[in-house]
Amino acid sequence: MKKTLLGHLFLVLAILACGLPSQMPTATPLPPTSTETPDFTNTPEFTATPLATLTSTITLTPTTTFTPTITATPTFSFPSITVNKQAHCRYGPSVAFLHAADLYPGDTGYVDGRYEYSSWLHVKFDKLKYYCWVAPSVVDVVGDISTLYYNEPDLQSVGYSNYAPPENITAVRSGDEVTISWNQVEMTTDHDRGYLIIAFVCQNGAYLWWTFSYPDQFTTSYTVQDEAGCPLPSEGVLYTVEKHGFSKPAQIPWPAP
């Protein structure tokens with residue numbers, strides 16, 4: 001039985017051996033089916049290289065230079081004056097001040113200032129090398145004096161003085177009157193021009209600039225009306241006057257009303 005099975009087995013193997021080819025055929029790969037994902041070769045993504053940022057060169061456009069138009073500024077013209085009668089020019093804006101020069105009809109000049117507390121004008125006459133003050137009534141004015149600045153008399157700039165101011169000055173009130181007294185200042189007859197008082201007093205409710213002078217050294221008192229009722233206190237100063245000029249001012253101890 002065993003021999004019979006073995007014989008059959010050998011027979012089968014011999015048949016199979018005879019029918020097989022001497023070389024096994026090479027398998028041809030089938031094309032991928034539609035369900036297969038093709039193996040793509042990834043193309044590398046493009047990496048953008050940033051361009052260099054150029055700093056622009058600023059070309060400056062020159063600013064147009066305008067040539068200014070010169071506007072002619074009118075030259076200020078001081079009011080002109082002509083003396084209309086014989087008179088005096090003085091070193092201050094009232095008749096109480098020292099004489100500075102004689103004036104005659106036809107004398108000419110110009111006005112460069114005025115005084116705040118009187119109507120007198122500060123003037124320069126063509127015939128004089130210095131300025132002085134004149135009453136408006138003795139000159140004819142061409143021009144507008146209201147445009148002029150106020151000038152303040154500077155008595156210390158007038159010449160010089162060989163004498164001191166008066167001493168022992170007193171002021172005594174009696175009602176609405178104040179009497180001012182002082183010691184005599186002895187001067188030579190040639191030099192003697194007396195004394196000058198400059199004050200602010202109250203009269204009828206008005207605060208007034210007040211001046212008074214004596215022509216010689218021998219009168220040494222003066223009485224002036226001075227009332228209550230003004231917003232500022234009354235006050236005054238006293239000078240010795242000689243032909244060359246004024247002493248320094250001495251304060252008057254003014255009594256309150």
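Hydrogens, waters and symmetry mates play no part in the numbers below; they use all other heavy atoms, side chains included.
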### Query
Should the pair Y131 and H122 be assigned to parallel (<30°), tilted (30 to 60°) or perpendicular (>60°) ring geometry?
parallel
### Task
Check whether any side-chain heavy atom of F97 sits under 4.5 Å from a side-chain heavy atom of V241, and report yes or no.
no
### Task
Supply the atom-to-atom distance R193 CZ to S213 OG, rounded to the nearest 0.5 angstrom.
12.0 Å
### Query
Are V158 and V185 joined in one hydrophobic group, where the rule is that I, L, V, M, F, W and Y side chains link up if heavy atoms are under 4.5 Å apart?
no
### Query
Ring centres of F200 and Y117 under 6.0 Å apart?
yes
### Task
List for me each residue that meets side chain to side chain donor-acceptor pair (under 3.5 Å) alongside K124, sequence neighbours excluded, and say none if there are none.
none
### Task
Kindly assign one of parallel, tilted or perpendicular to the pair Y160 and H244, based on the angle between their ring planes and the thresholds 30° and 60°.
parallel
### Query
How long is the gap from CG on D107 to CG on L128, to the nearest 0.5 Å?
8.0 Å
### Query
If we ignore angles and hydrogens, is there a donor and acceptor under 3.5 Å between the side chains of T188 and D190?
no
### Message
Whether the D226 and W254 side chains hold a donor-acceptor pair (N or O, under 3.5 Å, no angle test) is what I'd like checked.
### Response
yes
### Task
Calculate, to the nearest 0.5 Å, the distance between atoms CE and OG belonging to M187 and S161 respectively.
8.5 Å
### Task
Taking salt bridge (Lys or Arg N to Asp or Glu O under 4.0 Å) as the test, write out the residues that go with D126, two or more places apart.
none
### Task
Would you please say whether a donor-acceptor pair under 3.5 Å links the side chains of S94 and S118?
no
### Heavy-atom check, side chain of W120 versus side chain of R114, under 4.5 Å
no
#### Entry: Partner residues of S181 under the side-chain contact (heavy atoms from CB on, under 4.5 Å) criterion, sequence neighbours left out
T170, T179, S221
### Message
What I want to check is whether the side chains of Q184 and E186 have a donor and an acceptor closer together than 3.5 Å.
### Response
no
